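Data block below; observations after.
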Amino acid sequence: MFDIKWIRDNPEAFDAGLGKRGLAPLAAQMIALDSNRRAAQTTLQDLQRRRNEASKAIGAAKSRGEDAAAEMAEVQGLKEAFQKLEAEEREHAQALNTALAAYPNTPNEDVPEGADEAANVEIRRWGEKPELSAEARQHFELGEALGLMDFERAAKISGARFVVLSGALARLERALAGFMLDLHTGEFGYTEVAPPILVRENAAFGTGNLPKFAEDLFKTVDDYWLIPTAEMPLTNLVAGDILEEADLPLRFTAYTPCFRAEAGAAGKDTRGMIRQHQFGKVELVSIAHPDRSDEEHERMTDCAEEVLRRLDLHYRTVVLSTGDMGFSARKTFDIEVWLPGQDTFREISSCSNCGDFQARRMNGRFRPDGAKGTHFVHTLNGSGLAVGRTLVAILENYQNPDGSISVPEILRPRMGGMERIG
RNA sequence: GGAGGGGUGGCCGAGUGGUCGAAGGCGACGGUUUGCUAAACCGUUAUAGGGUGUAAAGCCCUAUCGAGGGUUCGAAUCCCUCUCCCUCCGCCA
């Protein structure tokens, strides 16, 4: 959601931002919609003032027991014009708001320009590829051989893109989630939240998933949306609020299931757990002061990376190019973990600074200390981490020649002391 | 699922068609008084939009009493829809 006043004052910057996203200029059109709206509003307000004055006069006359028929007739005469103007104003406002909500966020200055992921820029790399004595196997080969990962049974129950984990792998998933939550709450100051995972339309609008990306989401028969990420409920925690400056930043984390329709992903990552309709994720959300959101963004990304460092998993961090960023983001870091079985880096976390883009959609504000008025907060979200993909990474990186999996040191207490699966 | 009752400013709470953005209280802020504190007294105390203004301030206007429609010259007050909360009954992890 854009600020029409800002577009009015910075039309070139707005169009430049759209250009980086590969979109045509729109500032002139937006400004035209806005001046239509303002013209209609001014006319309407004039009429409203006349009506209010007359009605007050009528009230005053009646309370004195006088006749007010002339004024009543006059206002009644305005009625038709009134309804027409009201409808016009409403239409213009709606047209403008729809337009302001329809386009993706303006990328930050320092975001590399490019059409797609090929233009992403690696900014750091940590750790090393594991030395495997045998040919690296993919996670699903390992999991199925262990008899602890079952796609066929999942298909019987739910169809494609689901999995049944059992035994030590089911426990490993739980251990990972607990480890991540304890790290973020215990060491990084995040507050653990257990949010709803069915949300209403307005929450999905607030984060920018609706109206444009409805086909990516699941919806229940009674109009709830299943969350594709805990970003949705966590960010909407401050919807409609006016916070105190001293409250910022707010940091929330949650472990939730996430649901994605994966429309348009047909044929992609069909084997294994990489792309599922349902997966677990520990999410990080920060509600930040506008002056400190970039710094918070770096901090959040580091919190997510720390999970991989403690699990001793090789990864790299990239800045997404303008063509690869999501709708609401103005800058995004992806963290990609090394998967030996696939011989490639795969996204395991995506950390975005959305600036005031989502805050405007959900009307989340704060009051500066001692000052009058309010400002929109900045919202940030990041995976800390995608638990399913972390489990995949552990299987592939910690595999042994005999098909067993070593349990990472730091998870052993959570696995009842288990050192090896299988 | 059935029956009923509610949603008013930071909080509490009055207000069932007429100059109500809204009494009163509390809280907060500023000031006066006071040796200090307390008390007392005076004042201020929402959000958004539009207009005017180089800008800030100021001034003028409009909207907002859960949300959206409607009735009316006029709606916090009447009607409809939605939403949230509460009470009782039923069901239930």
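Lettering of chains follows the sequences in order, A, B, ..., and the numbering in each one begins at 1. It should be emphasised that the depicted structure is a prediction, and the values quoted were computed from it without experimental measurement. Because only heavy atoms are used, hydrogens play no part in the values below, and waters and symmetry mates are left out as well, while side chains stay in.
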**Message:** With a cut-off of less than 4.0 Å, is there a side-chain N or O of N52(A) near OP1 or OP2 of rA63(B)?
**Reply:** yes

**Item:** Integer angstrom distance from the P of rC42(B) to that of rG53(B)
**Value:** 41 Å

**Request:** Might you work through the side-chain contact (heavy atoms from CB on, under 4.5 Å) test for D294(A) and R330(A), ending with a clear yes or no?
**Result:** CA-CA 10 Å; D294(A) 285 329; R330(A) 64 178 217 191; 3.7 Å; yes

Protein N or O to nucleotides 16-22 of chain B N or O, pairs below 3.5 Å:
from    : atom 1 : to     : atom 2 : distance (Å)
rG18(B) : N2     : S55(A) : O      : 3.0

**Request:** Counting heavy atoms from C-beta on, name the nucleotide in rG50(B), rA63(B), rA48(B) closest to the side chain of Q48(A).
**Result:** rA63(B)

**Message:** Looking at R50(A), I'd like to know whether one of its side-chain N or O atoms comes within less than 4.0 Å of OP1 or OP2 on rC61(B).
**Reply:** no

**Asked** Do any side-chain nitrogens or oxygens of R367(A) fall under 4.0 Å of OP1 or OP2 in rA46(B)?
**Response** no

**Message:** Just N and O in the side chain of T374(A): are any of them under 4.0 Å from OP1 or OP2 of rA46(B)?
**Reply:** no

**Asked** Hey, what do you get for CG (L176(A)) to CZ (R389(A)), rounding to the nearest 0.5 Å?
**Response** 15.0 Å

**Item:** Watson-Crick or G-U counterpart of rG74(B), or none if no pair lies under 3.5 Å
**Value:** none

**Message:** Please determine whether a side-chain nitrogen of the Lys or Arg among E306(A) and R310(A) lies less than 4.0 Å from a carboxylate oxygen of the Asp or Glu.
**Reply:** yes

**Asked** Phosphate oxygens OP1/OP2 of rA48(B): is one of them under 4.0 Å from a side-chain N or O of R365(A)?
**Response** yes

**Request:** Could you work out which one of rC73(B), rG69(B), rU71(B) sits closest to the side chain of Q76(A)?
**Result:** rC73(B)

**Item:** Within residues 157-167 of chain A or reaching into it, pairs that qualify as side-chain hydrogen bond (donor to acceptor under 3.5 Å, both in side chains) - sequence neighbours excluded
**Value:** none

**Asked** Is it true that K56(A) and E53(A) make a salt bridge, defined as a side-chain N closer than 4.0 Å to a carboxylate O?
**Response** no

**Prompt:** Would you say R49(A) reaches rG50(B)'s phosphate, i.e. side-chain N/O to OP1/OP2 under 4.0 Å?
**Reply:** no

**Asked** Do R251(A) and E296(A) sit within salt-bridge range, that is, some charged N less than 4.0 Å from a carboxylate O?
**Response** yes

**Message:** Nearest whole Å is fine: how far is rU72(B) P from R51(A) CZ?
**Reply:** 13 Å

**Asked** When the C1' atoms of rC11(B) and rC65(B) are considered, how many whole Å apart are they?
**Response** 16 Å

**Message:** Could you tell me how far rA76(B) sits from rG17(B) if I compare only their P atoms? Round to whole Å.
**Reply:** 13 Å

**Test ring-ring contact (aromatic ring centres under 6.0 Å, His included) applied to F14(A) - qualifying residues, sequence neighbours left out** = F2(A)

**Item:** Whole-Å P distance, rG66(B) and rG51(B)
**Value:** 29 Å

**Message:** Once you apply a heavy-atom cut-off of 4.0 Å, does R8(A) come out as touching a base, just sugar-phosphate, or nothing?
**Reply:** sugar-phosphate

**Item:** Interatomic distance at C1', rG9(B) relative to rC26(B), whole Å
**Value:** 13 Å

**Request:** Can you tell me, in whole Å, how much space there is between the C1' of rA75(B) and that of rA63(B)?
**Result:** 14 Å

**Asked** Of the nucleotides rC61(B), rG51(B), rC73(B), which one has an atom closest to the side chain of Q45(A)?
**Response** rC61(B)

**Message:** Taking the basic N atoms (NZ, or NE/NH1/NH2) and the acidic carboxylate oxygens, is any pair closer than 4.0 Å for R299(A) and D302(A)?
**Reply:** no

**Message:** Measuring only the P atom in each nucleotide, how far is rU81(B) from rG5(B)? A whole number of Å is fine.
**Reply:** 15 Å

